[in-house]
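Report on the following structure.
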Amino acid sequence: MSTISNKIFVEAIDDGSTLHAQLLSDKPLSQGYTSNGCVPNWNTAANRPVVYVDLISGSDRVPANSGGTWTYNGTPIDFANDTRFELVNNYTPLGYPSGVYVPAIRIKANLASNTNVNTDTIGYSGSYTLGGSAVPFSITTFVRITGVMSNGILGLIEFVNGSNVITTKGQKKTMRARLYGADGQEISASQFTTQWYMNDVLLGAGANVTDGGTTYNQAMQVAEDDSLGAAKEITDNAIIKCVFTYNTTSSGQSATLNDTAYESIDDQTDPEQMYIQAVVSNGGAGQDGGGMTLHKGQSVTFRVWMGTMDDSTPDPTWTDFYVRLHKSDGSVVTANIAGLNNVQSTVTTNEMYGYRKLDWLSANNWAVLTLPYDMVKDTFDKYLTGYLKAIK
């Protein structure tokens, strides 16, 4: 059985060509707010994430055309006056050829506050010249903002070397778990345990992993190939889940606290590619390439299919697609929702926990998921994250 996963909110816009765009970051885009400050503290230079445009034409990494627009929560960023973001010039991500620079910004101040503990968006709209014509694209990523006080801890998955992208055959990726308490301080890896999953299949407990001469605690390693075993082999895109367990004693009372963190790994060496196309409608004709921000009366339909890096033609042998839907606080919604299929399982240990099957349109060879504004607002508290899974 083959399984490939992806996230809905990372919008991959494709106009029928083989142009793939996404926003990536060299550090987790998650921040918690506590009465003692923000964790991690993005006011500190060493903690500041860089968000950059990852653009692939066919199987080649390419730089976007100059003149694109960055947005924060849908509003263009005024870099001359905004104290939270700054442009990063001459930025070459890991895996790109030397001298190839991509659009990038740095978050240089805390975004979480006592009035901002939901989900923020960072977006980029630009173009790439393909075959003599400028092909526009629009991409969005989410910044998870949460109040650590809600459950007492905040867990993060951090990629060693700062990249979640596999760019060469045989490459391995090491992930480490980092946990923060309500006091804003990082909790030692010796004080908590972790369980790691890939595409909802248990990989095992966190362990000591040595990468580049440094040993990381509560870590897990996966690979582009089966050198670490078939269970740890990445195909196209995989969703990584880390479950944190922290036993604490306060005022003589013992308690067990849990938190769950999610990240994705993108294997850009595999020919398989999950395509995601968003069509935003206002009760009439939809618009390809619409953003994820919905206004009252609108809905967004996601078309999902499998193709290859070089050919976006839908592969009709992939017909089973599923989605697991989360609220802004990360909780899974398992209740029946009008207009959507019911979940496959409500048992948390089941691999299909929370997943709903998408409707398959055989005439197009793609699956569809339609999310109206009112559903996103009322059922998901205005912010929805979806984890896609294709099974064959």
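Please read all numbers here as calculations on a predicted model, not as lab measurements. Reckoned from all heavy atoms, side chains included, excluding hydrogens, waters and symmetry mates.
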Taking all non-hydrogen atoms of both residues into account, name the closest pair between Ile139 and Ala21 and its distance.
-> CG2-O, 3.5 Å
Heavy-atom donor-acceptor pair, Asn336 side chain to Asn342 backbone, under 3.5 Å = no
Which value, rounded to the nearest 0.5 Å, describes the distance between Leu388 atom CG and Ser264 atom OG?
-> 11.5 Å
Can you tell if the side chain of Met306 reaches within under 4.5 Å of the side chain of Gln273, non-hydrogen atoms only?
-> no
Verify whether the ring centers belonging to Tyr101 and Tyr91 lie closer than 6.0 Å.
-> no
Can you tell me if Tyr353 and Asp200 form a side-chain donor-acceptor pair at under 3.5 Å?
-> no
Could Arg176 and Tyr216 be counted as a cation-pi pair, given that NZ or CZ must be under 6.0 Å from the ring centre and within 45° of the axis?
-> no
Heavy-atom distance under 4.5 Å between the side chains of Thr256 and Thr248, does that happen here?
-> no
Any side-chain heavy-atom pair from Gln185 and Tyr180 closer than 4.5 angstrom?
-> no
Phe380-His326 aromatic ring centre distance below 6.0 Å | no
If we only count heavy atoms from C-beta on, is the Gln277 to Trp305 side-chain gap below 4.5 Å?
-> yes
Mind running side chain to side chain contact (heavy atoms under 4.5 Å, CB included) on Arg324 and Arg356 for me, showing each step along the way?
-> CA-CA 6 Å; Arg324 188 179 64 219; Arg356 305 168 191 267; over 6 Å; no
Contact check, side chains of Asn164 and Leu24, non-hydrogen atoms, under 4.5 Å = yes
Counting N and O atoms only, with roles assigned by atom type, does the side chain of Asn364 sit under 3.5 Å from a partner on the main chain of Trp366, one being a donor and the other an acceptor?
-> no
Are any of the side-chain heavy atoms of Tyr246 and Ile187 separated by less than 4.5 Å?
-> yes
Within the distance-only criterion (no hydrogens, no angle test), does the side chain of Asp259 pair as donor or acceptor with the backbone N or O of Gly155 below 3.5 angstrom?
-> yes
Donor on one side chain, acceptor on other, Asp266 and Gln268, under 3.5 Å = yes
With rounding to the nearest 0.5 Å, note down the distance linking CG in Asp82 to CD1 in Ile77.
-> 6.0 Å
With a 4.5 Å heavy-atom cut-off, do Ile337 and Met375 have their side chains touching?
-> yes
Would you please say whether a donor-acceptor pair under 3.5 Å links the side chains of Thr75 and Asn73?
-> no
Do Thr69 and Ser125 have side-chain N/O donor and acceptor atoms under 3.5 Å apart?
-> no
Could you give me the CA-CA distance, side-chain angles and deciding distance for Thr235 and Asp267, then say whether side-chain hydrogen bond (donor to acceptor under 3.5 Å, both in side chains) is met?
-> CA-CA 6 Å; Thr235 301; Asp267 182 0; over 6 Å; no
Test Arg61 against Val100 for side chain to side chain contact (heavy atoms under 4.5 Å, CB included), laying out the working first.
-> CA-CA 9 Å; Arg61 283 180 175 73; Val100 174; over 6 Å; no
Regarding Lys389 and the six-membered ring of Tyr355, is the cationic atom NZ or CZ under 6.0 Å from the ring centre and inside 45° of its axis?
-> yes
Step by step, work out the side-chain hydrogen bond (donor to acceptor under 3.5 Å, both in side chains) result for Thr215 and Asn208.
-> CA-CA 6 Å; Thr215 298; Asn208 296 336; over 6 Å; no
Check the pair Asp320, Lys357 against salt bridge (charged side-chain N to carboxylate O under 4.0 Å, His left out), reporting the backbone distance first and the verdict last.
-> CA-CA 7 Å; Asp320 293 329; Lys357 191 166 187 179; 3.0 Å; yes
Is it the case that Gln221 and Thr174 place a side-chain donor and acceptor less than 3.5 Å from each other?
-> yes
Expected output: side-chain Tyr72 to main-chain Gly123 donor-acceptor under 3.5 Å = no
Taking the six-membered ring for Trp, is the centroid-to-centroid distance between Phe137 and Tyr128 below 6.0 Å?
-> no
Asp26 side chain to Ser163 side chain, donor-acceptor N/O pair below 3.5 angstrom = no
Do side-chain atoms of Gln218 reach the backbone of Phe192 as a donor and acceptor pair under 3.5 angstrom?
-> yes
Mind running side chain to side chain contact (heavy atoms under 4.5 Å, CB included) on Asn365 and Asp315 for me, showing each step along the way?
-> CA-CA 7 Å; Asn365 288 321; Asp315 181 348; over 6 Å; no
What is the ring orientation for Trp360 with Phe321, classed by angle as parallel under 30°, tilted 30 to 60°, or perpendicular over 60°?
-> parallel
Short side-chain to backbone donor-acceptor contact, Thr210 and Gly213, under 3.5 Å | no
Test side chain to side chain contact (heavy atoms under 4.5 Å, CB included) applied to Asp374 and Leu371, Asp378, Val376, the passing residue | Asp378
Would you kindly say whether Asn110 and Asn41 are connected by a side-chain donor-acceptor distance under 3.5 Å?
-> yes
Between Asp359 and Asn341, is any side-chain donor less than 3.5 angstrom from a side-chain acceptor?
-> yes
Can you list the steps and then say if Thr121 with Thr71 is a side chain to side chain contact (heavy atoms under 4.5 Å, CB included)?
-> CA-CA 8 Å; Thr121 61; Thr71 61; 5.9 Å; no
Shortest non-hydrogen separation from Arg144 to Leu154 and the atoms involved | NH1-CD1, 3.9 Å
Pair Glu224-Lys172, salt bridge (charged side-chain N to carboxylate O under 4.0 Å, His left out): steps then yes or no | CA-CA 6 Å; Glu224 182 276 332; Lys172 295 179 175 61; over 6 Å; no
Using modelled atom types only, decide if a donor and an acceptor are shared between the side chain of Gln171 and the backbone of Thr167 within a distance under 3.5 Å.
-> yes
Is a side-chain donor or acceptor of Glu233 paired with a backbone partner of Ala230 at a separation under 3.5 angstrom?
-> no
For the residue pair Lys169 and Thr269, what are the closest heavy atoms and their distance?
-> NZ-O, 3.6 Å
Test side-chain hydrogen bond (donor to acceptor under 3.5 Å, both in side chains) applied to Tyr96 and Asp54, step by step = CA-CA 9 Å; Tyr96 273 73; Asp54 181 62; 2.9 Å; yes
Step through it carefully: locate the ring centre of Phe79, locate the ring centre of Phe85, and say whether they are under 6.0 Å apart.
-> no
Looking only at heavy atoms, which two atoms of Asn258 and Thr245 are closest? And how far apart?
-> ND2-OG1, 3.0 Å
Should Leu29 and Pro49 count as side-chain neighbours, where that means a heavy-atom distance under 4.5 Å?
-> yes
Same apolar cluster: Val209 and Phe244, side chain cutoff 4.5 Å | no
Without swapping roles, check the side chain of Gln31 against the backbone of Leu111 for a donor-acceptor pair under 3.5 Å.
-> yes
Give a yes or no answer on whether the side chain of Ser25 reaches the backbone of Lys27 with a donor-acceptor pair at less than 3.5 Å.
-> yes
Between Thr194 and Trp196, does a side-chain hydrogen bond (donor to acceptor under 3.5 Å, both in side chains) hold up when you go through it step by step?
-> CA-CA 6 Å; Thr194 55; Trp196 294 81; 3.2 Å; yes
Output the distance between atom OH (Tyr124) and atom OG1 (Thr140), rounded to the nearest 0.5 Å.
-> 13.0 Å
Co-membership, hydrophobic cluster, residues Leu340 and Val333, 4.5 Å side-chain = yes
